[in-house]
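Inspection log for the structure reproduced underneath, given as structure tokens.
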Amino acid sequence: MKPWFYSPCRPALALVLALAFSPAPAQDEEILRSGDYKEGYESADYKTRSRSLESRKGREADLYELFRKPPAGLPPVPVPRTNPQSREGIALGRRLFFDRRLSLNNTISCAMCHVPEMGFAHNELKTAVGVEGRGTRRNSPTLLNVAYKMPLFHDGRETSLENQVWSPLLARNEMANPSIGHVIGKIRQIKEYRGLFEKVFDGRGVSMETISMAFAQYQRTLLSAHSRFDRWYYGDEKDLLSAEERHGFEIFTGAGRCSSCHLIGEKHALFTDNQLHNTGMGFDASMGRQQPTRRIQLAPGVFTDLEADVIERVSRVPARVNDIGRYEVTQDPNDRWKFLTPTLRNVSLTAPYMHNGELLSLAEVINFYDRGGVANELLSPLIQPLGLSGADKKALVAFLHTLTGGNTAELVSDAFAAPVGELKRGDPFWANRHFRE
């Protein structure tokens with residue numbers, strides 16, 4: 001049986017090394033590393049630390065209790081009156097989230113773009129890959145603390161978790177289902193779901209609405225906080241942060257201007273204003289501009305800078321990505337290149353960064369903002385050159401590492417314990433599978 005994170009396109013990743021990214025920096029908890037962790041791969045004495053599937057055991061968490069009492073640093077979770085949380089609803093949504101049969105060819109689950117041990121994001125690719133290796137334009141955002149996110153998607157096109165789920169389920173380059181009815185009919189045929197929807201939703205069976213509600217209930221439990229920052233800032237552990245980390249906080253709230261968009265409140269911090277801003281990211285690509293050299297990853301931890309014309313001579317010319325963000329939703333010219341402010345909680349786990357995954361490290365992100373983004377006629381007035389010193393930037397990176405939630409490993413362990421939905425002999429649509437044993 002293949003694991004939920006298996007993808008038929010994964011062998012092809014070697015052919016797109018320019019899009020690959022090494023996993024997040026080492027964490028205290030081994031479980032927060034990807035299964036094939038390659039830190040130090042460039043060293044001559046590198047030894048693999050890849051984990052076998054048998055070692056990837058998890059423990060089920062009480063997600064309902066986590067929702068009911070969010071960890072320190074987070075406010076109560078907003079919940080629509082039409083979809084109250086329940087233990088049974090959360091469990092059903094969790095099952096759906098890890099079920100590969102919900103994609104057209106039974107190979108892709110939600111968890112394969114939002115990988116639990118990668119911060120419920122994806123460290124290996126700049127932009128997501130869907131059914132049959134079909135590429136997308138945008139980076140997989142973290143689902144940690146998505147319960148507080150409003151609006152949703154990089155361009156802010158959705159307004160609730162209940163509505164959000166249908167976009168990836170139906171997008172041709174993601175899970176590729178041809179219609180809502182196709183998804184409903186498929187779930188109705190899977191014996192593991194028989195009676196579950198009726199039990200959770202007072203006799204209501206599988207429908208567009210109940211599928212949405214179940215997914216949303218699970219996602220509202222992915223709450224990660226009680227970080228070292230929270231214990232220092234909101235608690236009594238005033239010596240918990242180092243002098244460098246405290247200096248990074250001063251830069252974050254002062255000269256770095258980070259807290260202008262990544263908000264910190266008196267009693268809790270979401271580290272986002274849930275607004276859309278033009279930072280200039282994506283502007284050069286829309287204008288057909290490119291840097292004279294490009295950094296290419298040859299292997300994990302091994303990079304080289306190649307001239308653009310060399311790359312063009314030896315590779316297929318990619319289609320120009322003209323992603324103008326919020327404009328595609330509103331058709332308002334003033335919304336060009338506006339994208340949603342992401343949360344910075346767990347940011348050290350969720351590289352690469354920006355809507356297109358263009359920046360591979362926190363250091364690159366800080367340098368981007370220190371330069372004042374990319375100049376364009378609609379650049380947000382909040383984006384200005386900062387003039388930070390090398391020590392300031394280093395301290396800022398150190399501070400951002402303190403935002404990793406103290407309970408994140410618990411959520412990953414719970415994900416490892418979740419039931420995996422795979423196509424198997426006996427499923428009603430086994431005969432229509434796109435592969436052979």
Side-chain angles (χ1 to χ4, degrees), residues 21 24-25 126 139 154 227-229 232-233 240-266 269-287 289-295 303 305 308 325-326 334-404:
F21 182 74
K126 288 184 174 182
N139 175 257
H154 289 292
S227 64
R228 290 176 58 235
F229 163 79
W232 171 75
Y233 191 76
L240 188 60
L241 266 57
S242 68
E244 182 179 52
E245 290 165 343
R246 292 195 299 271
H247 177 58
F249 174 71
E250 293 172 358
I251 298 299
F252 187 92
T253 56
R257 303 169 62 92
C258 311
S259 60
S260 298
C261 297
H262 301 282
L263 306 183
I264 300 175
E266 183 179 342
L270 297 181
F271 286 94
T272 175
D273 58 2
N274 282 324
Q275 301 295 315
L276 295 99
H277 303 280
N278 178 333
T279 68
M281 179 58 65
F283 176 76
D284 281 345
S286 293
M287 296 297 105
R289 301 173 183 171
Q290 62 179 358
Q291 298 297 321
T293 62
R294 182 177 174 187
R295 196 179 193 209
F303 296 86
D305 292 324
R326 183 66 174 170
N334 292 317
D335 284 340
R336 286 173 290 169
W337 306 292
K338 281 186 178 180
F339 294 94
L340 188 64
T341 304
T343 179
L344 294 186
R345 286 192 175 275
N346 298 286
V347 70
S348 66
L349 304 179
T350 58
Y353 304 105
M354 315 305 274
H355 72 275
N356 53 8
E358 190 64 29
L359 304 182
L360 303 183
S361 69
L362 289 173
E364 288 187 32
V365 174
I366 292 169
N367 285 332
F368 172 82
Y369 285 110
D370 187 55
R371 293 192 299 269
V374 176
N376 67 87
E377 66 206 63
L378 299 172
L379 184 68
S380 168
L382 295 172
I383 307 300
Q384 299 177 10
L386 303 174
L388 300 179
S389 69
D392 291 340
K393 295 176 184 179
K394 185 171 178 290
L396 191 49
V397 170
F399 169 71
L400 292 173
H401 277 272
T402 72
L403 303 183
T404 301

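Partners of Phe339 according to the ring-ring contact (aromatic ring centres under 6.0 Å, His included) rule, which considers only residues two or more places apart in sequence or in another chain, are His355. When the side chain to side chain donor-acceptor pair (under 3.5 Å) test is applied to Ser242, the partners found at least two apart in sequence or on another chain are Glu245.
Here the side chains of His277 and Ile383 are not in contact, with every heavy-atom distance at 4.5 Å or above. A 4.5 Å side-chain heavy-atom check between Leu349 and Thr404 finds at least one atom pair inside the cut-off. Within the 4.5 Å cutoff, the side chain of Glu364 has no heavy atoms near those of the Tyr353 side chain. Counting only heavy atoms from C-beta outward, the side chains of Lys126 and Leu360 approach each other to under 4.5 Å. Pro342 is not listed as a side-chain neighbour of Thr350, based on a closest heavy-atom distance of 4.5 Å or more. Residues Thr343 and Leu270 fail the side-chain proximity criterion, which asks for heavy atoms closer than 4.5 Å.
Atom CZ of Phe271 and atom CG of Leu263 lie 9.5 Å apart (nearest 0.5 Å). Taken from CH2 in Trp337 to CG in Leu378, the straight-line distance is 6.5 Å, to the nearest 0.5 Å. Separation of atoms CD (Glu250) and CG (Asp392) is listed at 10.0 Å; rounding is to 0.5 Å. Tyr369 contributes atom OH, which lies 14.5 Å from atom NZ of Lys393 (distance to the nearest 0.5 angstrom). The line from CG of Leu400 to CD1 of Ile251 is 11.5 Å long, rounded to the nearest 0.5 Å. To the nearest 0.5 Å, atoms CE (Met281) and CD (Glu358) are separated by 6.5 Å.
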Apply the test side chain to side chain contact (heavy atoms under 4.5 Å, CB included) to residues Phe368 and Met354: give CA-CA distance (whole Å), side-chain angles for both, the deciding distance (0.1 Å), then the verdict.
-> CA-CA 11 Å; Phe368 172 82; Met354 315 305 274; 4.0 Å; yes
Side chain to side chain contact (heavy atoms under 4.5 Å, CB included) evaluation trace for Leu340 with His154 | CA-CA 5 Å; Leu340 188 64; His154 289 292; 5.6 Å; no
Do Leu241 and Tyr233 pass the side chain to side chain contact (heavy atoms under 4.5 Å, CB included) test, and can you show the C-alpha distance, the side-chain angles, and the key distance before you say yes or no?
-> CA-CA 10 Å; Leu241 266 57; Tyr233 191 76; over 6 Å; no
Does the pair Trp232 and Thr402 meet the rule for a side chain to side chain donor-acceptor pair (under 3.5 Å), with working shown?
-> CA-CA 10 Å; Trp232 171 75; Thr402 72; over 6 Å; no
Evaluate side chain to side chain contact (heavy atoms under 4.5 Å, CB included) for Asn376 paired with Met287, printing each intermediate quantity in order.
-> CA-CA 11 Å; Asn376 67 87; Met287 296 297 105; over 6 Å; no
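Between Pro385 and Arg371, the shortest heavy-atom contact is CG-O, 3.9 Å. Here the closest heavy-atom approach between residue Pro352 and residue Gly357 is recorded as CB-O, 3.5 Å. For the pair Leu344 and Leu403, the tightest heavy-atom approach, listed with the atom from each and the gap, is O-CD1, 3.5 Å. The heavy-atom pair separating Asp273 from Ser260 by the smallest distance is OD2-O, 4.4 Å. Of all heavy-atom pairs between His247 and Ala391, the closest is CD2-O, 4.4 Å. Closest of all the heavy-atom pairs between Leu396 and Cys258 is CD2-SG, 4.1 Å.
Asp370 places a side-chain N or O within donor-acceptor distance of the main-chain N or O of Leu388, the cut-off being under 3.5 Å. Checked by atom type and distance alone, the side chain of Arg345 pairs as donor or acceptor with a backbone atom of Ala269 at under 3.5 Å. For the pair Thr341 (side chain) and Gln275 (backbone), a donor-acceptor distance under 3.5 Å is present.
Ring orientation note: the planes of Phe399 and Phe252 are tilted relative to one another, at an angle of 30° to 60°.
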